[in-house]
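Inspection log for the structure reproduced underneath, given as structure tokens.
In the text below, chain A, chain B and the rest are named by the order of the sequence lines, each starting its count at 1.
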Amino acid sequence: MLDPKELRNNREALAGQLRRRGFELDTARYGELEERRRQLQMDTQALQNERNRQSRAIGQAKAAGEDIEPLLAEVAQLGERLGAANKALHAIQVELHRLQLEIPNVPHASVPDGADETDNIEIRRWGDQPTFDYAPRDHVELGALSREMDFEAGAKLATARFVVLRGRFAQLHRALTQLMLDLHTQEHGYEEVHVPYLVNPQTMQGTGQLPKFEEDLFRVAAENPLFLIPTAEVPVTNLVRECIVEADVLPLRFVCHTPCFRSEAGSYGKDTRGMIRLHQFDKVELVQVVRSEASYGALEELTSHAEKVLQLLGLPYRVVALCAGDMGFAAAKTYDLEVWLPGQQRYREISSCSNCEAFQARRMQARWRNPETGRPEPVHTLNGSGLAIGRCLVAVLENYQEADGRVRVPAALQPYLGGRVYLDD
RNA sequence: GGAGAGGUGGCUGAGUGGACGAAAGCACCCGACUUGAAAUCGGGCGAGCCCACGGGCUCCAAGGGUUCGAAUCCCUUCCUCUCCGCCA
């Protein structure tokens with residue numbers, strides 16, 4: 001949610017910034033609604049004030065033992081007018097709020113122009129792409145050699161876009177998770193949290209998945225609906241929902257391993273092969289809650305924390321600044337980390353690190369008390385994958401494969417796999 | 001799943017129809033006392049919104065209802081706690 005004050009006083013400027021990401025704000029309609037709301041609110045409050053005064057007078061008269069009847073007659077028709085005014089005000093407030101909830105965040109000034117991923121800007125590269133004297137296999141082929149990556153079993157148990165990992169592959173998956181959690185908790189100062197994988201609609205609204213993107217989510221249970229989380233960002237960021245935190249607890253840094261569930265509506269035919277795009281995947285997520293002036297420093301820091309995982313694993317990657325048109329709904333600025341996949345001969349997203357500024361905080365009413373003013377101010381929230389486990393497993397397999405189909409274990413991972421040098425040792 | 005008790009400000013907790021946005025205590029902030037601190041004393045101290053800057057409105061889990069008037073009465077939902085049952 002954007003700042004309602006800005007939306008009131010600075011609408012055209014906001015509309016211009018939102019156009020950068022391809023969102024057209026209907027400023028005329030918004031202005032009209034806002035003006036109607038303002039007028040209705042003033043009218044309603046005047047009526048309420050009148051009602052309160054008369055009710056107080058009745059109370060006093062009664063206490064003094066006076067006759068109340070004439071006062072009651074006076075106030076009689078007020079109730080009806082007030083009821084109608086309240087109803088109209090409430091209706092327009094709901095409409096305005098719904099409108100506000102569907103406006104995406106404004107891109108930061110440093111975000112490059114552009115409409116889609118082709119306009120993203122590469123910021124830096126790390127690592128050397130491995131060379132092979134044969135056509136490198138992709139992870140599906142590598143998995144097929146051992147039958148330990150089983151898409152048919154996934155489809156049998158659930159549907160397409162699910163996988164079953166067994167044996168060494170399941171262990172590799174666990175080792176990657178463990179490595180990341182250890183790194184972020186021991187080296188980067190994050191507190192590990194364990195959270196619900198099902199959340200209520202309010203939580204989904206807090207981070208921006210609802211009301212606009214329900215079709216991307218899996219919904220569970222008919223009455224009192226719950227949704228499977230598409231990312232740990234949702235429950236973890238919402239930890240500060242409806243909180244006013246003291247300045248000295250900031251910054252909050254959380255790391256959280258969860259499965260993520262995505263309906264992948266609208267991605268038919270995309271990445272149908274392999275583990276790149278599944279309905280369920282695991283991820284280690286980083287979340288920071290900071291004071292506003294610290295958030296862009298925190299974005300660089302958080303991104304470097306995610307990069308560190310790839311560096312430890314020796315996986316070549318590049319950092320990309322998303323253009324305005326390619327960013328997610330809640331983000332003001334996003335860096336994607338893209339890992340090199342020899343099987344595809346291209347870089348693929350493995351992490352997305354975003355500063356949401358106060359956008360989510362306003363939806364969540366997450367504030368901190370600024371000691372300088374004594375007033376509550378919205379916090380800034382950031383999140384980033386540190387990293388997506390499934391895609392990381394794919395990257396390890398493809399980058400560390402050898403001609404005979406065996407896969408070496410990156411040095412940093414060996415302690416987590418019993419010291420094995422090859423995955424199948 | 002059955003029975004009962006509850007949800008009030010950052011926390012504890014009083015309030016069961018009329019001046020209550022809400023006693024008291026804790027915490028916190030300012031001041032006095034003190035070399036400093038503690039203790040003590042005095043004062044302050046929720047959030048959001050509207051405004052003719054005088055004020056006004058809303059919020060006591062959420063949503064409805066009764067009433068001139070609701071934290072207080074009624075209904076629904078959610079949540080917490082205790083006991084029983086069940087279960088990992």
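Distance CD (A:Q205) to C1' (B:A62): 14 Å, rounded to an integer number of Å. Regarding A:L82, its CG atom lies at a distance of 13 Å from the C1' atom of B:U67, rounded to whole Å. To the nearest angstrom, P of B:G46 lies 19 Å from CH2 of A:W368. A:N200 has its CG atom 9 Å from the P atom of B:C79, to the nearest Å. Distance A:L47 CG to B:G69 C1': 16 Å, rounded to the nearest Å. Atoms CE (A:M364) and C1' (B:A47) sit 17 Å apart, rounded to a whole Å. A:Q100 has its CD atom 13 Å from the C1' atom of B:C49, to the nearest Å. The separation between A:I58 atom CD1 and B:G17 atom P is 18 Å, rounded to whole Å.
In this entry B:G21 has no Watson-Crick or G-U wobble partner, no candidate having both defining distances under 3.5 Å. Pairing of B:C45, defined by two Watson-Crick or G-U wobble distances under 3.5 Å, is not identified with any nucleotide. Under the Watson-Crick or G-U wobble criterion, with both distances below 3.5 Å, B:U76 is paired with B:A62. With a cut-off of 3.5 Å on both pairing distances, B:A37 has no Watson-Crick or G-U wobble partner at all. With a cut-off of 3.5 Å on both Watson-Crick or G-U wobble distances, the partner of B:C81 is given as B:G4.
Rounding to the nearest 0.5 angstrom, the gap separating the CZ atom in A:R38 from the CG atom in A:D43 is 10.0 Å.
Distance noted for atom C1' between B:G9 and B:U58: 16 Å (whole Å). Taking the P atoms as reference points, B:C20 lies 15 Å from B:A70, given to the whole Å. When the P atom is used for both B:G13 and B:U8, the distance is 9 Å, rounded to whole Å. When the P atom is used for both B:G4 and B:A88, the distance is 28 Å, rounded to whole Å. Taking atom P on both nucleotides, B:G2 is separated from B:U76 by 15 Å, rounded to a whole Å. Separation of the C1' atoms belonging to B:C73 and B:C79 is 22 Å when rounded to the nearest angstrom. Between B:U77 and B:A24, the distance separating the two C1' atoms is 33 Å to the nearest Å. Only the C1' atoms considered, B:G15 is 8 Å distant from B:A23, to the nearest whole Å.
In summary, A:E34 and A:R8 engage in a salt bridge, as defined by a charged side-chain N under 4.0 Å from a carboxylate O. Salt bridge absent: A:E264 and A:R161 never bring a charged side-chain N and a carboxylate O closer than 4.0 Å. Note on A:D113 versus A:R20: salt bridge recorded, some NZ/NE/NH1/NH2 to OD/OE distance being below 4.0 Å. With salt bridges taken as basic N to acidic carboxylate O contacts below 4.0 Å, one links A:E301 and A:R253.
Each of A:H90 and A:R37 was assigned the nucleotide of RNA chain B with the nearest heavy atom; the assignment lying further toward the 5' end belongs to A:R37. In terms of position along RNA chain B, the nucleotide closest to A:R367 lies nearer the 5' end than the nucleotide closest to the other residue of the pair A:R367 and A:G79.
Relative orientation of the A:H305 and A:H188 rings is parallel, given thresholds of 30° and 60° on the angle between their planes.
Under the salt bridge (Lys or Arg N to Asp or Glu O under 4.0 Å) rule, A:R29 has a single partner from A:E24, A:E95, A:E35, which is A:E95.
Outside the 6.0 Å centre-distance limit, the rings of A:F261 and A:Y197 are not counted as a close aromatic pair.
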Check: protein-nucleotides 51-57 of chain B nitrogen or oxygen pairs below 3.5 Å:
from	atom 1	to	atom 2	distance (Å)
B:C51	OP1	A:R38	NH1	2.6
B:G56	O3'	A:N49	OD1	3.1
B:G56	N2	A:Q45	OE1	3.1
B:C57	OP1	A:N49	OD1	3.1
B:C57	OP1	A:N52	ND2	3.2
B:C57	O3'	A:Q48	OE1	3.3
B:C57	O2'	A:Q48	OE1	2.8

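Using a 4.5 Å cut-off on side-chain heavy atoms (C-beta onward), A:K333 and A:Y296 make contact.
Annotated as anti: B:G44, whose O4'-C1'-N torsion sits more than 90° from 0.
Regarding contacts with the backbone of B:C49, a side-chain N or O of A:K5 is found under 4.0 angstrom from either OP1 or OP2.
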